[in-house]
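All figures in this text were calculated on a predicted structure; none of them were measured in a lab. Only heavy atoms go into these numbers, but all of them, side chains included; no hydrogens, no water, no symmetry mates.
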Amino acid sequence: MIKKKEGDYMLGIIITGHGQFATGLQSSVELIAGKQENFETIDFEKGESSEILNNKLKKEVSRMDSQEGVIIFTDIPGGTPFNQSILLSQEDAQIKVITGTNLPAIMDGLFNRELEANDFVNKVLRSGKEGLATYEEKRSNIIKEEGI
């Protein structure tokens, strides 16, 4: 990992998931917030082995320009991207894994990477949960009256 200037603090972020989950989120992120530093995506493609995914994850973690840690966002708990990310986090305490990723969680995370890793995780989890909602039409209680 490359040393940064003293006072700079930015967690690295990796998104991984089945199919084009990761690059799909990257497309949305870049449309909304532009290209991001220390932000990588790794798709787990049909026909790839868990070993291939593990090697891709290790490569990106080692390339991250962050001494503060790396957060790996995955699509679903129990899936291969999640499992391989967990294995890496067991080898390196600076890696944290978040699963059930959605765009509100990613966006909030991108704008709060100066937080300490545990605070970052807690904030992102709240944002992800709050970002999942149902639309309910608001109806006016005003009774429409006939004109004069």
Q: Any link between Ile76 and Ile98 through a network of hydrophobic side chains (Ile, Leu, Val, Met, Phe, Trp, Tyr) touching at under 4.5 Å?
A: no

Q: Counting only heavy atoms not in Glu91, do more than 12 fall under 6.0 Å of its CD?
A: yes

Q: Run the side chain to side chain donor-acceptor pair (under 3.5 Å) test against Glu48 and tell me which residues pass, sequence neighbours left out.
A: Lys56

Q: With a 3.5 Å distance limit and no angle check, can you tell me whether Asn38 reaches the backbone of Met64 through a side-chain donor-acceptor pair?
A: no

Q: Is a side-chain N or O of Gln94 found less than 3.5 angstrom from the main chain of Glu68, in a donor-acceptor match?
A: yes

Q: Yes or no on side-chain contact (heavy atoms from CB on, under 4.5 Å) for Val70 and Ile13, after CA distance, side-chain angles and deciding distance?
A: CA-CA 6 Å; Val70 174; Ile13 293 178; over 6 Å; no

Q: Rounded to the nearest 0.5 Å, what separation is found between the CG atom of Asn54 and the NZ atom of Lys59?
A: 14.0 Å

Q: Test of understanding: clusters of I, L, V, M, F, W, Y form through side-chain heavy atoms closer than 4.5 Å, transitively. Do Phe73 and Leu125 belong to the same one?
A: yes

Q: Could you tell me if the side chain of Ile71 sits less than 4.5 Å from the side chain of Arg113, heavy atoms only?
A: no

Q: For the atom pair CD1 (Ile86) and CD1 (Ile95), what is the distance rounded to the nearest 0.5 Å?
A: 10.0 Å

Q: What residues, two or more places apart in sequence or in another chain, satisfy side-chain contact (heavy atoms from CB on, under 4.5 Å) together with Asn83?
A: none

Q: Run the side-chain contact (heavy atoms from CB on, under 4.5 Å) test against Phe111 and tell me which residues pass, sequence neighbours left out.
A: Ala33, Met107

Q: Looking at residues at least two apart in the chain, or sitting in another chain, which of them share a side chain to side chain donor-acceptor pair (under 3.5 Å) with Thr74?
A: Thr99

Q: Excluding sequence neighbours, so at least two apart, what forms side chain to side chain donor-acceptor pair (under 3.5 Å) with Ser127?
A: Asp108

Q: Mind checking side-chain contact (heavy atoms from CB on, under 4.5 Å) for Glu136 and listing every partner two or more places apart, or none if nothing turns up?
A: Thr134

Q: Checking Ser27 side chain against Thr23 main chain: does a donor-acceptor pair fall under 3.5 Å?
A: no

Q: What distance do Leu25 atom CG and Leu103 atom CG have between them, rounded to the nearest 0.5 Å?
A: 6.0 Å

Q: Of all the heavy-atom pairs spanning Ala22 and Gly17, show the shortest one and how long it is.
A: CB-N, 4.3 Å

Q: Which atom names give the shortest non-hydrogen contact between Thr80 and Ser50, and what distance separates them?
A: CG2-CB, 3.7 Å

Q: In chain order, what residues pass the salt bridge (charged side-chain N to carboxylate O under 4.0 Å, His left out) check against Asp43, with sequence neighbours excluded?
A: none

Q: With sequence neighbours left out, what residues match Thr41 under side chain to side chain donor-acceptor pair (under 3.5 Å)?
A: Gln26

Q: Distance check, rounded to the nearest 0.5 Å: Lys96 atom NZ versus Asn118 atom CG?
A: 4.5 Å

Q: Report yes if the side chains of Val121 and Lys123 come closer than 4.5 Å at any heavy-atom pair, otherwise no.
A: no

Q: If I compare all heavy atoms of Asn112 with all of Phe120, which pair ends up nearest, and what's the gap?
A: O-CD1, 3.4 Å

Q: The test is side-chain contact (heavy atoms from CB on, under 4.5 Å); show your working for Ile14 and Ile42 and say whether it passes.
A: CA-CA 7 Å; Ile14 296 173; Ile42 301 170; 3.9 Å; yes

Q: Roughly how far apart are Phe44 CZ and Phe82 CZ, rounded to 0.5 Å?
A: 14.5 Å

Q: With sequence neighbours excluded, what pairs up with Asp119 under the side-chain contact (heavy atoms from CB on, under 4.5 Å) test?
A: Leu115, Glu116

Q: Checking the side chain of Gln36 only, and the main-chain atoms of Gly34 only, is there a donor and an acceptor separated by less than 3.5 Å?
A: yes

Q: Once rounded to the nearest 0.5 Å, what's the spacing between atom CG of Leu57 and atom CD1 of Ile72?
A: 5.5 Å

Q: Membership question, hydrophobic clusters at under 4.5 Å side-chain separation (ILVMFWY): are Phe39 and Ile32 in the same one?
A: yes

Q: Tell me, which pairs form a side chain to side chain donor-acceptor pair (under 3.5 Å) where one or both residues lie in residues 10-22, sequence neighbours left out?
A: His18-Asp75, Gln20-Glu45

Q: For Glu60, what residues pass the salt bridge (charged side-chain N to carboxylate O under 4.0 Å, His left out) criterion, not counting sequence neighbours?
A: Arg63

